[in-house]
Amino acid sequence: MNISSITRKSDTLGIIVSSLCFLHCLATPILFLTPTGTDILRSEHPVWWGLLDMVFLVLSFMAVRWSVKTTSKTHIKYAFWTSWFLLLLIIINEKLHIIFLPEKIIYGVTLFLVILHFYNQKYCRCQNQKCCSNKTL
């Protein structure tokens, strides 16, 4: 798969990555708070589990960046970058414990990214080359 085909499918990538990020966030408390999860994972968060946050963040950044370059609506661009930046801040806060934030906040942000990618894919894609001709992919 080359870069140009990924760029054309950036919203699909964004939907998949944001959904997996949501499931990762949803599974974390379940795995680490249940007795079965504690036995399996020895009541510690494995390093690889925490690194998944960064993997999802990087992949999400790429999907947002490519989607912003091919969207036809300016307000969607701002919504993408705002939601991605919020996700970044929440993950940084989670790692550094700067302020207390309820765990549910990250669910809303990741679901909003999924919805944005669906919306962008259906209603905001450039339909012709002229629409995106000034944008480099």
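Please read these numbers as outputs of a predicted model, since none were measured by experiment.
- The minimum heavy-atom distance linking Ser10 with Ser67 is given by the pair OG-OG, 3.0 Å.
- Of the options Asp11, Leu116, Ile76, a side chain to side chain contact (heavy atoms under 4.5 Å, CB included) to Thr71 is made by Ile76 and by none of the others.
- Partners of Lys73 according to the salt bridge (Lys or Arg N to Asp or Glu O under 4.0 Å) rule, which considers only residues two or more places apart in sequence or in another chain, do not exist here.
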Test Trp81 against Arg65 for side-chain contact (heavy atoms from CB on, under 4.5 Å), laying out the working first. CA-CA 8 Å; Trp81 285 123; Arg65 183 171 173 254; 4.0 Å; yes
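- Rounding to the nearest 0.5 Å gives a distance of 6.0 Å between SG of Cys21 and CZ of Phe56.
- Phe22 and Tyr107 have perpendicular rings, their planes meeting at more than 60° on a 0 to 90° scale where under 30° would count as parallel.
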For the pair Leu86 and Phe112, evaluate side-chain contact (heavy atoms from CB on, under 4.5 Å) and give the outcome as yes or no after the intermediate values. CA-CA 11 Å; Leu86 284 172; Phe112 186 65; over 6 Å; no
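- Following chains of ILVMFWY side-chain contacts shorter than 4.5 Å, one cannot reach Ile115 starting from Leu59, and the two form parts of different hydrophobic clusters.
- Rounding to the nearest 0.5 Å places CD1 of Ile91 at 5.5 Å from CE of Met54.
- Between the OG1 atom in Thr110 and the NE2 atom in His24 there is a gap of 10.5 Å [rounded to 0.5 Å].
- Residues Val58 and Val114 fall into different hydrophobic clusters, defined by Ile, Leu, Val, Met, Phe, Trp and Tyr side chains chained together at heavy-atom separations under 4.5 Å.
- A side chain to side chain contact (heavy atoms under 4.5 Å, CB included) with His117 holds for exactly one of Leu13, Ile15, Val17; it is Ile15.
- Considering only residues two or more places apart in sequence or on other chains, Tyr119 meets the ring pair (Phe, Tyr, Trp, His ring centres under 6.0 Å) condition with Tyr123.
- Listed here is the closest heavy atom pair of Phe80 and Ser83: O-OG, 3.0 Å.
- Criterion: ILVMFWY side-chain heavy atoms under 4.5 Å apart, direct or through other members. Under it, Tyr78 and Val109 are not part of a common hydrophobic cluster.
- One hydrophobic cluster, built from ILVMFWY side chains closer than 4.5 Å, holds both Leu88 and Ile99.
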Would you please test Asp53 and Leu57 for side-chain contact (heavy atoms from CB on, under 4.5 Å) and show each step? CA-CA 6 Å; Asp53 293 341; Leu57 197 60; over 6 Å; no
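- Interatomic distance, NZ of Lys9 versus OG1 of Thr70, reported as 13.0 Å (0.5 Å rounding).
- The cluster map of Ile, Leu, Val, Met, Phe, Trp and Tyr, joined by side-chain heavy atoms under 4.5 Å apart, puts Ile92 and Leu101 in the same cluster.
- From Asn120, atom CG reaches atom CG of Leu113 across 11.5 Å, with rounding to the nearest 0.5 Å.
- With rounding to the nearest 0.5 angstrom, the CZ atom of Phe118 is 10.0 Å from the OG atom of Ser18.
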